[in-house]
Each structure stands twice: as C-alpha cells, then as structure tokens.
There are 2 protein chains.
Amino acid sequence: MNLKEFARQLGLSPTTVSRALNGYPEVNEATRERVMAAAKRLNYRPNSRAQRLATGRAMAIGHVIPIANKHEMVNPVFADFIAGAGETYSRNGYDMVLSVVPDNDEEAAYRELKARGTVDGVIVHGPRMDDPRVRLLTEIGLPFVVHGRASGSQTPYSWLDVNNRRAFRRATDFLLDLGHRRIALVNGLEFMDFAMRRRIGFTEAQEARGLTPAPELMSSAEMTEGRGHAMAASMLALPEPPTAFLVASMISGMGVRRAVEERGLRIGRDVSIIIHDDDLSYMKNGEDVPIYTATRSSVREAGRQAAEILLSLITDPSGEPQTRLLEAELIIGQSTGPVPAPART
Amino acid sequence: MNLKEFARQLGLSPTTVSRALNGYPEVNEATRERVMAAAKRLNYRPNSRAQRLATGRAMAIGHVIPIANKHEMVNPVFADFIAGAGETYSRNGYDMVLSVVPDNDEEAAYRELKARGTVDGVIVHGPRMDDPRVRLLTEIGLPFVVHGRASGSQTPYSWLDVNNRRAFRRATDFLLDLGHRRIALVNGLEFMDFAMRRRIGFTEAQEARGLTPAPELMSSAEMTEGRGHAMAASMLALPEPPTAFLVASMISGMGVRRAVEERGLRIGRDVSIIIHDDDLSYMKNGEDVPIYTATRSSVREAGRQAAEILLSLITDPSGEPQTRLLEAELIIGQSTGPVPAPART
DNA sequence: CCAGTTTTCCAAAGCGCTTTGAAGACTGCG
DNA sequence: CGCAGTCTTCAAAGCGCTTTGGAAAACTGG
C-alpha cells in the first residue's frame, strides 16, 4: 500500500495525508486523528526509501568497522557501545548502518558513505593519536563524533571520552596509598589514544610522589586474556616482581588473575589488581560485590551520549563541535589490599 | 554531483551513463570505459537513496537486537557474528542495518522493517524453542535466516546452526572416557534452543552408557562470569562434588575456573573443564596451546555463511528454505585430565 | 453581509535514479 | 543504392514520498 492508494481510501489528497502523518500544523486535528487511525488500521507506513529520497536525508548513522586482513579482533566493547547508541537512534527514528571493511579501505568507505548519501553522519571508533579520519571527515563534510579522542588533531572536532588519565591516576594513587611501590601497568596498545592517556595518568601519580615508574613494569599489548596472562606472567617472574597490577580491561584482568594464581599467589592479599571496567553487560564485574577493584565507566552510556551529540550536530549543522568528558568512578572490590609485608625473597 | 549533471559533462544521456555504470550489455565498450574513468575522476557515485527507490530494493539486511527493559545483556557473540555477516554484505554491496528495540516491541520492529521497505531480509538471532518470529516473518513475507534453530516450528524455514547436541555429546564422552562419573553441566538458559540441545547431548552420552545424570549437577543460567562462578561454587560445595564441568561458554568458564581455584583445586588435575568456544576474536582460547579443552565453532564463520544463505534467498525468492549444520571440533587443551583417584572425602 | 483573515486542503513539481520503448547510426547483402 | 538487421544511444515515464504555491472553505469583525 502506498500513499496515493491510502489517501484515496481516506478520500483525502496525498498532501494532506503526508502532512497529517508528519505532524504539520496546517491540518485539522480531527482529520489528523482520522488519518492516524486509518494508518494503524490499514497498517500503512510511508516507504522509507521514497521518504529518504524526497527529504534528502538518510535518517541513518554509519559505524565503520575496520577488519584487518586476517584475524583482527572485533573490539569487545563494540557490542555494548552499539547497543547504547542504537537506543538513541531508535528513539529518534534513525537507523544504524554498520560497514565492515578491510582496514586499508577505511578511507574509501567513508568517502562512499558520503558520496552516496547513505548516512547523515558517523561515529568514529578506536581513535589513534593524530587519527587521519578526523581530517578526512572534516574535509568531506560528513558530520561525526569520535568515541575517544584523537590527540594531535589540528582541527577542532566533536568527541566523547572517558577521563582515562584521571581514572588511572586515581587508581595508581589508591595503590600507592595502600603502600604498593612495585606497581605494574598492563596496558592496551599505546598507539591507541586511550591507552596513551592511561599511561600518562599512571606515570603522573608516581612522579607526583617523587617515584619513578620502573620500565620493566610497564607493558602494552592487545587487551585479550592471553596477552594479559603473558604480560603478567613475565613480570611476576622478575627478581623484584610487582605487588600490584593496573590492568586495562576486564578481559586482560582475567589473564592477569590466571598468571597470579598459577604462581600460587592470592589476589587481594599477595597481589592487588585494579582493572578498568567498561561495565559491559555480558562481563559484569560481580553481581553485588565487585570482584575487582576498578575504574568504571559504562561504555553503553557512552554510546547513548555520543549518539545524542551526533544527532544534535546533524540537526543543527551550524553549531560548534561538541565535546564531553565522562569521569570514571573508582569502585573498591576484593582484588586489592595493603602491600604484603616484604617477607618474600 | 548527480547523474544528470555527470551525464551532461560526458555529453551522454543519463540513460546511457546509468547503463554503463551498471554493466548492461547494450552500451559500447569504449563508451563504458570512458564513463567509468570519468566517474572515478570526478568521484561520481550514484545516490543510494534514489537508487533504492528506483530499483525497489533496499540493498540492506536487518538485524534486530532486542534489549530488555532494564539491563538485559547484549549477546557477547553478537559482535563476532556481525563482523562475519558484515564481510559478506560488503562484498555483495549490501548494507547492514541494526535495530535496537525494547524486547516487547520486537514484533513491531519486524513489521515496520517490512512495511517501510527498509531492508530486503533479516537474520534472526538467539532463537527460542518454538520461536514466534519464524511464523511472523513467514507470514509477512520478509526473507530471513535463523542463526540457530527454533525447534517446534511448524513451517519450514532457513537456518544455520552448530550441531550443539553432537558437540556436547562428544565432549561428555571424552570426559567419560577419562573416567569421570560426576560430570556437571553449566548450561546457558534452557529456553534457548541451543542450550536445550546441548543438554540433550550431555544426557544422551551418559544414558548411552547406562548412567543417569545427577540432577543436582545440571544447572542453567545466563552465560556470565558471575553466574558461572555461582553455579560451579554451589556444586563444588556438594557432598559429592563433580570432578568435571561441561560449560556453555568461555565466559562462564572463567567463572567456573575462579570457583575451582577458590577451593584450592587445580584445573586439569583435580577438576576438568570443557567449554564451548565460539572462537571470538577478543576471547581466544589461548594463542597456540588451548587453555581449555573445548568444543569449538567459529561464530564469525557462522555469520559469513548465514549472510550468504540470506542473500541467495533474496536473489532467488522462489527457492526452498536452506539449512546448514556446522560441526564443532573437539580441541584438547590443558583443562582436562583423568579423573583423580578417589582420595578425597 | 462582505472584505479580510485564518484554516484546511489540494495539484503539481520535484528528489536522483532505473527502465521501457523508440529512434538514430551502422552493418552487410542483394 | 536501399533495406533488413544489429548496435548504440536517448526521451520520458515512473519509483513513493515531500513540499511549494495556491485555491477553496470556514471564520472573523465591523
């Protein structure tokens, strides 16, 4: 059923019906109700393809997911971010379109999205330092919001980020207050902007107390269970092993836990662990009592808010870039405790 | 730049240009090359909104993600499935559109997708037994492929599934062969079709040897670390605790591991664990040596293949429903070993 | 009761593409 | 040279909606 036929059945012109459906004021309230009721009854919905062509808007937001040629991983926070953003989109009548592209085609993917008018804007995921996508998108004029930040970008741009530096600084301070001096950093890949900021927070906290972070206790790799395990295992094998770990994610944290337990050490007593907790729905840090002490910030909420920013940018294209910095909370769990008496060795 | 203007610059009619671009035979090869070259040079891309209206095809596939009113979790395998399906879509010029909807609106979401013509087909995720979506989609005539199966459905439909029953039967047999007799099942929610099949495989293997599975060793819940931990912890506290666990996912498995270690038991020696491994890119079961013995089946590959089936269904709507059953492989890791001598108690 | 408003509705022109039906430009053959 | 047959190109009619510019109808107040 199309508009023409639907209007005919109502004895109205397509114009009036369209206006009634879209809430324009120049239609009698009684008429509008009649139209609305009939639409529901006859299950009429305007064809979205026609609507998009006529209005010139795609009513869709793009998310480009680059996949490395072989087995690059899908970012595990992705699902939750998407869920959050999707809520916002649905509420506002937008669709979410995902493009999975080989990572060397990413630029082409954005250009295509713009040229074909498939979406009205995009969210940029996993920004690196000085990320080229910022310039590209600014140049081609496709509205965007970065989830995270791209330090070093010349042009201003919209972003939403967690205050990673402060989060890791606070976590480090917490460990220092517990007496820990051999604190290890099990970081994500440090060309990622967020990981770089976390390292700065980690370092700053120690330097503020006149301490120098030991280079052998700072590691960075992909945030998987396996890599977390490997990094922790090798550090625990050092002559002066760490008494505490600051870990980039829940998943790496599980690897660290495994490494600690393999050495027969007790978490929270022999070794303390703080993780960053993205509050993923399928990876809860305990039900009531947190398992890990953690810096927590909901990535789902980040998705919701990033989407809101993007939609407002699209609605009002003249506006300034918008930025939003979320604070992580430090939640105390069972994985931390005072530094053990230096009995060992 | 639109087709009309682009054609004018080339000194051709829009008709010819359109045909050249779309590979129709009735255009001179020399002309086609000239058009192609110009398109690249001037960066012309047909507007997808107009194309979709004119062709009557959406060139998009929908994935509906239901979110329960409060904090329902996002399925952790979702990201990898999407990545796999997305590869197939991209290769074939299709977009992927995700709809995040409150779970009580799911039916309405499908109806809307159909009525508005936003997508050409959908993938159904997380089927339950006798899933109502199968009938709904058949009824409204929206092509679909189920990821998993919906046992009890009357009408035939297309699906792609892992042979969950056989996988769990083999895993159980493997444990039985190692001498285990107190084997626990830490299953997913059993109104989910895949979980129900796994339980059948688990039970069958034991019954085939004249054994009766102990009811107190069969549990089912959401597949989270926390729930896995809780189920395992309570079973380990039984007077006759299990010597082996068959676990529905890597994540639950981590909870089981934690419970085992909390009791001071060693995995692979005191207690064996087999998990089902979806081969998620961010949740690898070890780099070279598998951490867990596991039934493995790549959910990413499932995504790729399910998408292929759906596209073929769309291309040839007259065809029969297609089904595909993937076998999981049993891979041997470090988490299993012979049943310990009955020294305990 | 009527000119002037305001309200309510409509005809028709797009949006940028694809596709049908037809015409023009070439062939080869008698 | 003329014509049937084949290639190549084009004009115009949609696809199903929104939106502009009016016109008709329904209210106003003097």
Side-chain angles (χ1 to χ4, degrees), chain A residues 1-36 38-39 42-60 93-95 112-120 315, chain B residues 1-36 38-39 42-60 93-95 112-120 315:
Chain A
M1 156 112 53
N2 59 16
L3 175 59
K4 198 166 147 193
E5 168 62 14
F6 178 58
R8 201 189 54 71
Q9 292 202 22
L10 273 164
L12 288 170
S13 76
T15 308
T16 305
V17 173
S18 170
R19 284 185 164 145
L21 257 22
N22 292 315
Y24 281 70
E26 57 270 72
V27 44
N28 192 322
E29 205 47 50
T31 310
R32 184 193 311 283
E33 271 163 29
R34 193 157 67 89
V35 172
M36 291 297 204
L42 301 173
N43 191 35
Y44 169 76
R45 308 293 203 128
N47 180 296
S48 66
R49 298 192 293 261
Q51 229 169 10
R52 283 160 206 222
L53 177 58
T55 59
R57 285 173 303 155
M59 292 308 283
Y94 277 76
D95 282 343
E112 167 125 359
L113 249 23
K114 169 66 180 182
R116 302 186 42 120
T118 315
V119 301
D120 297 318
T315 310
Chain B
M1 157 112 52
N2 61 15
L3 176 59
K4 198 166 148 194
E5 168 62 13
F6 177 58
R8 201 189 55 70
Q9 292 202 21
L10 273 164
L12 288 170
S13 76
T15 307
T16 305
V17 173
S18 170
R19 284 186 164 147
L21 257 23
N22 291 316
Y24 281 70
E26 58 269 72
V27 44
N28 192 321
E29 205 46 50
T31 311
R32 185 194 310 284
E33 272 163 30
R34 195 158 65 90
V35 171
M36 290 298 204
L42 301 174
N43 192 35
Y44 170 76
R45 309 291 205 129
N47 180 297
S48 66
R49 297 192 294 261
Q51 228 168 10
R52 283 160 204 222
L53 177 58
T55 59
R57 285 173 303 156
M59 292 307 284
Y94 278 76
D95 282 342
E112 167 126 0
L113 249 24
K114 169 68 179 180
R116 301 184 44 116
T118 316
V119 301
D120 298 317
T315 310

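These numbers come from the heavy atoms of this one structure, side chains and all, not from hydrogens, waters or symmetry mates. Naming convention: chains lettered A, B, ... in sequence-line order (proteins, then strands); numbering from 1 in each chain.
For C/dC9, the OP1/OP2 oxygens have no side-chain nitrogen or oxygen of A/T16 closer than 4.0 Å. Taking only side-chain nitrogens and oxygens, B/Y44 never comes nearer than 4.0 Å to OP1 or OP2 of C/dG16. Note on A/S18: a side-chain N or O is less than 4.0 Å away from OP1 or OP2 of D/dT18. Taking side-chain N and O atoms only, A/N28 has no distance below 4.0 Å to OP1 or OP2 of C/dC9. The phosphate of C/dT18 has neither OP1 nor OP2 within less than 4.0 Å of any side-chain N or O from B/Y24. The phosphate of C/dT18 has OP1 or OP2 within less than 4.0 Å of a side-chain N or O from B/N22. Proximity of A/T55 to the phosphate of C/dC15: no side-chain N or O atom is located under 4.0 Å from OP1 or OP2.
The nearest whole Å value for the distance from the CZ atom in B/R34 to the P atom in D/dT8 is 14 Å. When rounded to the nearest whole Å, the span between CG of B/L53 and C1' of D/dT18 equals 12 Å. To the nearest angstrom, C1' of C/dA22 lies 13 Å from CD of B/E26. Separating the CG atom of B/N47 from the P atom of C/dG16 is a distance of 7 Å, rounded to the nearest angstrom.
Side-chain proximity of B/A54 to the nucleotides C/dT18, C/dC9, D/dA11 is greatest for C/dT18. Of the candidates D/dT19, D/dG16, C/dG16, the closest approach to any side-chain atom of A/R19 belongs to D/dT19. Residue A/Q51 has its side chain nearest to D/dC17 when only D/dC17, D/dC15, D/dT19 are considered.
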Hey, what are the protein-to-nucleotides 23-27 of chain D N/O distances that come in under 3.5 Å?
none

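DNA chain D is contacted by no residue of residues 2-9 of chain B, taking any non-hydrogen atom closer than 4.0 Å.
No donor-acceptor contact under 3.5 Å links the side chain of A/T15 to the base of D/dT18.
At a threshold of 4.5 Å between non-hydrogen side-chain atoms, the residues B/E112 and B/T118 do not count as touching. For the pair B/Q51/A/R116, a side-chain contact is recorded, criterion being any heavy-atom separation below 4.5 Å from C-beta on.
Side-chain contact annotation: B/T16 with B/S13, donor-acceptor N/O pair under 3.5 Å present.
Looking at B/N28, its side chain does come within 3.5 Å of a backbone N or O of B/A30 through a donor-acceptor pair.
In plain terms, the two heavy atoms of B/G117 and B/A58 that are nearest each other are O-CB, 3.6 Å.
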